[in-house]
Asks: 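Take this structure, written in structure tokens, and hold onto it; I'll ask about it next.
Order of appearance sets the numbers: ligands from 1, and atoms from 1 within every ligand.
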Amino acid sequence: MSITDQIQKVRSEFRTDLANLSSENEAVDQIRIKYLGRKGLVATLFVEMGRVDTDERPKMGKILNELKSEITLEIDGFSTADLKLTDTDASDVDFTLPGDPIPVGSIHPLTQVMEEIKSIFLKLGFSLVYGPEIDTEFYNFEALNIPKHHPARDMQDTFYISDEVLLRTHTSDTQIHFMENNTPPVRIIAPGRVYRNEDVSVRSYCLFHQIEGLYVDKTVTFAELKGTLDYFARELFGKDVKTRFRPSYFPFTEPSAEMDVSCIFCKGKGCSICKKTGWLEILGCGMVDPEVYKSVKYDPDKWTGYAFGLGIERIAMLKYGVQDIRLFYSGDIRFLRQF
Ligand code: DAH
């Protein structure tokens with residue numbers, strides 16, 4: 001029989017032995033000795049090589065070496081798998097296999113931003129309060145000095161449930177609820193959902209989230225408002241961020257302002273996101289209007305304070321580079337997995 005035939009024979013014998021192999025260590029060892037032992041079949045074939053013509057020998061040697069590593073690999077694989085099984089002392093369970101992955105959820109990006117903002121103000125001594133999402137015109141508008149003819153009252157902006165009852169359009173209603181039931185000093189933040197009857201687009205949705213802030217005490221100044229909100233901006237966006245306050249109008253604050261932060265993308269140089277201005281608008285704020293104190297029966301001559309309101313979605317969009325506000329509410333797992 002030629003050496004090639006002999007190699008072939010050993011190979012097919014090995015295949016048959018392997019197919020019949022049980023997972024007992026002894027049987028594996030027997031096979032190892034039979035093929036790879038000092039006097040095993042592979043060793044015998046190497047002896048046979050001596051008889052092969054010298055010019056044929058390298059080629060045959062190569063084939064034989066391949067057979068040897070093939071058999072070694074198979075037997076090693078068999079015995080390590082087998083070892084692991086017996087090591088665990090549980091014959092039919094392989095504890096070394098990776099487990100079935102359990103999908104772990106992540107915190108919604110809006111909640112993450114909300115939590116971050118809350119923690120900044122809680123550190124400063126603000127307390128958390130929550131107001132109702134279904135409210136009346138009085139709390140949402142009247143008590144906040146928003147007169148009947150104000151555009152914010154327009155049916156197009158507000159979801160009315162009845163003549164008097166509505167879905168709140170901002171968290172400022174919680175200022176009134178809280179002050180009605182508490183005496184100063186007041187230092188609160190009020191996070192929550194608000195609703196507006198707006199056309200749904202990449203920029204606006206029928207609901208969104210805000211955080212309201214209110215601080216009332218004796219001799220509160222605009223400087224304190226600026227200092228607090230400037231600190232907040234640097235905590236949220238980083239120490240290098242600058243702020244600026246632009247005069248604005250809100251019926252419930254006087255004077256009123258809007259706070260911008262230096263663009264977090266171009267560091268104030270001007271880019272497409274900040275529309276080349278170098279600034280991003282973040283929130284509305286101001287000193288509480290005396291009319292508001294009157295509606296909650298605080299003495300406007302005695303009490304001073306500031307208020308602010310910011311939109312969570314806007315900040316989350318800037319922070320995470322989200323281009324379409326609707327993604328936050330879509331429940332699309334591909335979007336949510338990224339946070
Ligand atoms: N309520 C305002 C809005 O929804 C935001 C706001 C502006 C709240 C100024 C305030 C404030 O407390 O002082 O647009």
Side-chain angles (χ1 to χ4, degrees), residues 114 117-118 121 124 126-133 135 137-147 150-154 156-159 166-179 186-198 203-217 220-230 232-233 243-261 280-293 295-296 298 300 303-315 325:
M114 190 80 108
I117 296 174
K118 275 187 334 199
F121 284 109
L124 289 173
F126 285 77
S127 309
L128 261 182
V129 303
Y130 293 91
E133 289 177 26
D135 216 342
E137 280 199 313
F138 175 76
Y139 292 98
N140 198 79
F141 294 131
E142 248 138 57
L144 288 161
N145 194 31
I146 303 175
H150 195 277
R153 284 230 188 170
D154 198 303
Q156 285 179 358
D157 294 326
T158 310
F159 289 112
L166 44 79
L167 297 181
R168 67 174 175 189
T169 58
H170 52 185
T171 43
S172 306
D173 66 333
T174 312
Q175 292 190 24
I176 307 301
H177 285 289
F178 190 83
M179 286 193 282
V186 169
R187 195 186 291 178
I188 54 158
I189 52 166
R193 254 183 223 179
V194 302
Y195 301 84
R196 287 191 199 173
N197 191 4
E198 281 176 5
R203 295 255 142 241
S204 62
Y205 199 63
C206 48
L207 73 89
F208 57 101
H209 299 75
Q210 288 186 333
I211 289 192
E212 190 79 11
L214 175 68
Y215 180 32
V216 179
D217 205 337
V220 177
T221 66
F222 198 86
E224 285 175 81
L225 159 73
K226 285 182 77 174
T228 306
L229 294 180
D230 184 74
F232 158 72
T243 53
R244 73 172 183 189
F245 291 78
R246 281 178 294 105
S248 186
Y249 169 76
F250 299 102
F252 34 89
T253 44
E254 182 59 36
S256 302
E258 259 154 304
M259 185 180 84
D260 299 342
V261 295
L280 298 166
E281 188 191 318
I282 293 296
L283 55 80
C285 57
M287 303 307 287
V288 178
D289 194 293
E291 289 303 314
V292 176
Y293 292 135
S295 59
V296 294
Y298 281 12
W303 301 110
T304 47
Y306 63 74
F308 55 89
L310 54 96
I312 303 298
E313 276 76 354
R314 177 164 166 75
I315 290 177
I325 196 170

Asks: Where do Phe121 and Phe232 land on the ring pair (Phe, Tyr, Trp, His ring centres under 6.0 Å) test, with the steps shown first?
Replies: CA-CA 8 Å; Phe121 284 109; Phe232 158 72; 4.8 Å; yes

Asks: Just checking Lys226: does its NZ atom have more than 12 heavy atoms from other residues, nucleotides or ligands closer to it than 6.0 angstrom?
Replies: no

Asks: If the condition is side chain to side chain contact (heavy atoms under 4.5 Å, CB included), which residues does Arg193 pass it with, not counting sequence neighbours?
Replies: Glu133, Tyr195, Leu207, His209

Asks: Does Arg203 CZ have over 12 foreign heavy atoms under 6.0 Å away?
Replies: no

Asks: Side chains of Thr169 and Asn140 only: does a donor on one sit below 3.5 Å from an acceptor on the other?
Replies: yes

Asks: We want to know whether Ser172 and Glu212 form a side-chain donor-acceptor pair, criterion being a heavy-atom distance below 3.5 angstrom.
Replies: yes

Asks: List, ordered by chain and residue number, the protein residues whose closest non-hydrogen atom lies under 4.0 Å from any atom of ligand 1.
Replies: His170, Ser172, Gln175, Arg196, Gln210, Glu212, Phe250, Phe252, Thr253, Gly284, Cys285, Gly286, Ala307, Phe308, Gly309

